[in-house]
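These notes concern the structure reproduced below.
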Amino acid sequence: MQPLSNDLIKAALDQRGFSYFVDADGDIAGNFQGNLIYFFRLGQRQEILQVRAMMQHVFAVDDVPRLYEFCNTWNRDQLWPKAYVQVTDDGQAIVVGEVTTDWEHGATLQQLDQVILCGVATGCRLGEALGELKSGPPRSA
């Protein structure tokens with residue numbers, strides 16, 4: 001067991017051969033099937049890992065009620081990631097998915113790998129479902 005660290009997150013990503021980058025704030029992220037996925041460390045001791053998937057599909061603010069319905073159905077039917085709607089500063093609506101795990105007592109590389117794989121795979125699946133929603137039948141006026 002090791003304390004959660006950026007080095008441990010990078011080791012898990014490297015082990016899978018996943019491409020990633022570290023941004024100016026020191027956060028680790030990667031592009032997975034067009035979705036920007038961050039690997040945030042949160043908590044007082046940065047012991048919580050949050051795999052946050054920012055979906056590539058952008059919607060109009062008028063779509064927010066439909067996106068709420070989509071997220072409610074997704075969260076009812078799927079365990080991961082938990083999905084929510086976010087309106088951006090420029091007035092567009094996106095859906096974000098999150099898988100969060102508390103590693104207060106540390107983690108092994110294998111445990112961390114499983115959570116990262118879960119966050120990436122289910123985040124991409126959420127992105128695919130949103131793509132279907134976006135390209136689906138036109139809304140009624």
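The shown structure was predicted, so the numbers you read here are calculated from the model rather than taken from an experiment. Both backbone and side-chain heavy atoms feed into the values below; hydrogens, waters and symmetry mates do not.
In this structure, E98 pairs ionically with R52, as a charged nitrogen and a carboxylate oxygen lie closer than 4.0 Å.
With values rounded to the nearest 0.5 angstrom, I48 atom CD1 is found 8.0 Å from T100 atom OG1. How far OG of S5 is from CG of L112: 8.5 Å, rounded to the nearest 0.5 Å. We find the CD-CG distance between Q2 and L8 to be 5.0 Å, quoted to the nearest 0.5 Å. Note that the CE atom of M1 and the CH2 atom of W103 stand 7.5 Å from one another [nearest 0.5 Å]. Distance check, rounded to the nearest 0.5 Å: CD of Q111 to CD1 of I116 gives 12.0 Å. Summarising the geometry, atom CZ belonging to R16 is positioned 4.0 Å from atom CG belonging to D113; distances are rounded to the nearest 0.5 Å.
Identified under the salt bridge (charged side-chain N to carboxylate O under 4.0 Å, His left out) test for residues 19-43, with sequence neighbours left out: none. Sequence neighbours left out, not one pair with a member in residues 50-89 passes ring pair (Phe, Tyr, Trp, His ring centres under 6.0 Å). For residues 3-36, the pairs satisfying ring pair (Phe, Tyr, Trp, His ring centres under 6.0 Å) are F18-F32, with sequence neighbours left out.
Counting only distance, with no hydrogens or angles, the side chain of D63 and the backbone of A60 share a donor-acceptor pair below 3.5 Å. Judged purely by atom type and a 3.5 angstrom limit, Q46 has no side-chain atom pairing as donor or acceptor with the backbone of G43. Between the side chain of N35 and the main chain of Q56, a donor-acceptor pair closer than 3.5 Å is present. Here the side chain of E69 pairs no donor or acceptor atom with the backbone of V64 at under 3.5 angstrom.
The salt bridge (Lys or Arg N to Asp or Glu O under 4.0 Å) check on E128 picks up nothing, with sequence neighbours excluded. Every ring-ring contact (aromatic ring centres under 6.0 Å, His included) that F40 has, sequence neighbours left out, goes to Y38. In this structure E47 satisfies the salt bridge (Lys or Arg N to Asp or Glu O under 4.0 Å) test with no other residue, sequence neighbours excluded.
Using a 4.5 Å heavy-atom threshold, the side chains of C71 and V95 count as touching.
Here the shortest heavy-atom pairing between A53 and G123 reads CB-CA, 4.1 Å. Across all their heavy atoms, G119 and V99 have their closest contact at CA-CG2, 3.8 Å.
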Do M55 and L126 pass the side chain to side chain contact (heavy atoms under 4.5 Å, CB included) test, and can you show the C-alpha distance, the side-chain angles, and the key distance before you say yes or no? CA-CA 8 Å; M55 300 297 107; L126 175 62; 4.0 Å; yes
The test is side chain to side chain contact (heavy atoms under 4.5 Å, CB included); show your working for L133 and L67 and say whether it passes. CA-CA 9 Å; L133 178 69; L67 292 173; 3.8 Å; yes
Go through the steps for N6 and F39 under the test side chain to side chain contact (heavy atoms under 4.5 Å, CB included), then give the verdict. CA-CA 9 Å; N6 281 357; F39 305 92; over 6 Å; no
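Following chains of ILVMFWY side-chain contacts shorter than 4.5 Å, one cannot reach I94 starting from V61, and the two form parts of different hydrophobic clusters. L42 is not connected to I37 by any chain of hydrophobic side-chain contacts under 4.5 Å among Ile, Leu, Val, Met, Phe, Trp and Tyr, and they are in different clusters. Hydrophobic clustering (ILVMFWY, side-chain heavy atoms < 4.5 Å, transitive): V58 and V87 are in distinct clusters. Under the 4.5 Å side-chain contact rule for hydrophobic residues, I9 and L117 share a cluster.
Around atom CD of Q86, more than 12 heavy atoms belonging to other residues, nucleotides or ligands sit under 6.0 Å away. By the neighbour-count criterion of 12 heavy atoms within 6.0 Å, atom CG of D90 is densely surrounded, having more than that number from other residues, nucleotides or ligands.
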